[in-house]
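Structure first, then comments.
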Amino acid sequence: PKPIYISIQRGGDVFIGDKPTSIGTLGDDMKTQVGRRDPSKERIFIRGDKGTRYGSFMEVMNALQDNGFYSVALIGTDTNT
């Protein structure tokens with residue numbers, strides 16, 4: 001399956017692709033996104049800029065793991081221009 005990208009903005013707003021979500025609805029929104037596929041086999045990439053709080057990353061990761069999404073990786077933005 002195609003990887004799913006979750007973005008966390010500096011202010012804490014969360015997006016699945018380009019669709020807004022929240023910590024409270026992230027699990028259900030992700031299950032809708034993957035349909036009948038096994039959540040434990042999905043590849044999830046979480047990205048945020050260097051101003052994103054560590055706590056925001058952890059909230060997203062915990063919400064994903066609580067809903068069966070275990071293949072999660074953090075990615076950063078390229079700072080070389």
Side-chain angles (χ1 to χ4, degrees):
K2 184 177 176 182
I4 298 171
Y5 290 88
I6 296 176
S7 299
I8 308 169
Q9 293 184 340
R10 187 177 302 224
D13 293 332
V14 180
F15 293 83
I16 300 171
D18 60 354
K19 296 180 181 179
T21 187
S22 69
I23 295 300
T25 62
L26 181 61
D28 289 335
D29 291 342
M30 285 294 295
K31 288 177 183 176
T32 298
Q33 177 87 14
V34 301
R36 294 183 178 197
R37 297 187 311 255
D38 181 356
S40 68
K41 299 197 187 307
E42 294 296 317
R43 294 181 56 202
I44 313 297
F45 293 97
I46 304 172
R47 62 181 161 203
D49 66 26
K50 62 183 175 182
T52 302
R53 292 181 323 114
Y54 177 76
S56 296
F57 277 109
M58 292 309 300
E59 288 175 334
V60 168
M61 288 188 66
N62 289 337
L64 291 170
Q65 291 177 351
D66 288 348
N67 285 278
F69 295 92
Y70 301 114
S71 183
V72 179
L74 301 178
I75 57 174
T77 57
D78 186 7
T79 58
N80 296 329
T81 54

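Just so we're clear, the structure is a prediction, and the values are computed from it rather than from any experiment.
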Report yes or no: do Ile23 and Val72 belong to one cluster of Ile/Leu/Val/Met/Phe/Trp/Tyr joined by side chain heavy-atom distances under 4.5 Å?
->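 Yes, Ile23 connects to Val72 through the hydrophobic network.
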Would you tabulate the side-chain donor-acceptor contacts of residues 36-43 under 3.5 Å, counting partners in other chains and residues two or more places apart, or write 'none'?
{"residue": "Arg37", "atom": "NE", "partner": "Glu42", "partner atom": "OE2", "Å": "2.8"}
{"residue": "Arg37", "atom": "NH2", "partner": "Glu42", "partner atom": "OE1", "Å": "3.3"}
{"residue": "Asp38", "atom": "OD1", "partner": "Ser40", "partner atom": "N", "Å": "3.0"}
{"residue": "Asp38", "atom": "OD1", "partner": "Ser40", "partner atom": "OG", "Å": "2.9"}
{"residue": "Asp38", "atom": "OD2", "partner": "Ser40", "partner atom": "OG", "Å": "3.0"}

Taking only residues at least two apart or on different chains, which pairs with a member in residues 53-73 satisfy ring pair (Phe, Tyr, Trp, His ring centres under 6.0 Å)?
->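 As it turns out, there is no ring pair (Phe, Tyr, Trp, His ring centres under 6.0 Å) pair with a partner in residues 53-73 once direct neighbours are skipped.
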By ring pair (Phe, Tyr, Trp, His ring centres under 6.0 Å) - contacts of Phe15 (at least two apart) = none
Contacts of Phe45 meeting ring pair (Phe, Tyr, Trp, His ring centres under 6.0 Å) (sequence neighbours excluded), chain-then-number -> Tyr5
Which residues satisfy the side chain to side chain donor-acceptor pair (under 3.5 Å) test with Thr52, sequence neighbours excluded?
->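 Counting only residues at least two positions away or on another chain, Thr52 forms a side chain to side chain donor-acceptor pair (under 3.5 Å) with Asp49.
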Keeping to residues at least two apart or across chains, list the salt bridge (Lys or Arg N to Asp or Glu O under 4.0 Å) pairs with something in residues 56-65.
->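 For residues 56-65: none.
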Work out which heavy atom in Ser56 is nearest to a heavy atom in Gly12; give both atom names and the distance.
->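 Answer, listing the atom of Ser56 first, then Gly12: OG-CA, 4.4 Å.
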Asp13 versus Ile8: any side-chain heavy-atom pair under 4.5 Å?
->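 Heavy-atom side-chain distance check fails, nothing below 4.5 Å.
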Here the gap from Ile46 atom CD1 to Ile16 atom CD1, rounded to the nearest 0.5 Å, amounts to 11.0 Å
For residues 26-34, which side-chain N or O atoms pair as donor and acceptor with protein atoms under 3.5 Å away, sequence neighbours left out?
{"residue": "Asp29", "atom": "OD2", "partner": "Thr21", "partner atom": "OG1", "Å": "2.5"}
{"residue": "Asp29", "atom": "OD2", "partner": "Thr25", "partner atom": "OG1", "Å": "3.1"}
{"residue": "Lys31", "atom": "NZ", "partner": "Asn67", "partner atom": "OD1", "Å": "3.3"}
{"residue": "Thr32", "atom": "OG1", "partner": "Asp28", "partner atom": "O", "Å": "3.1"}

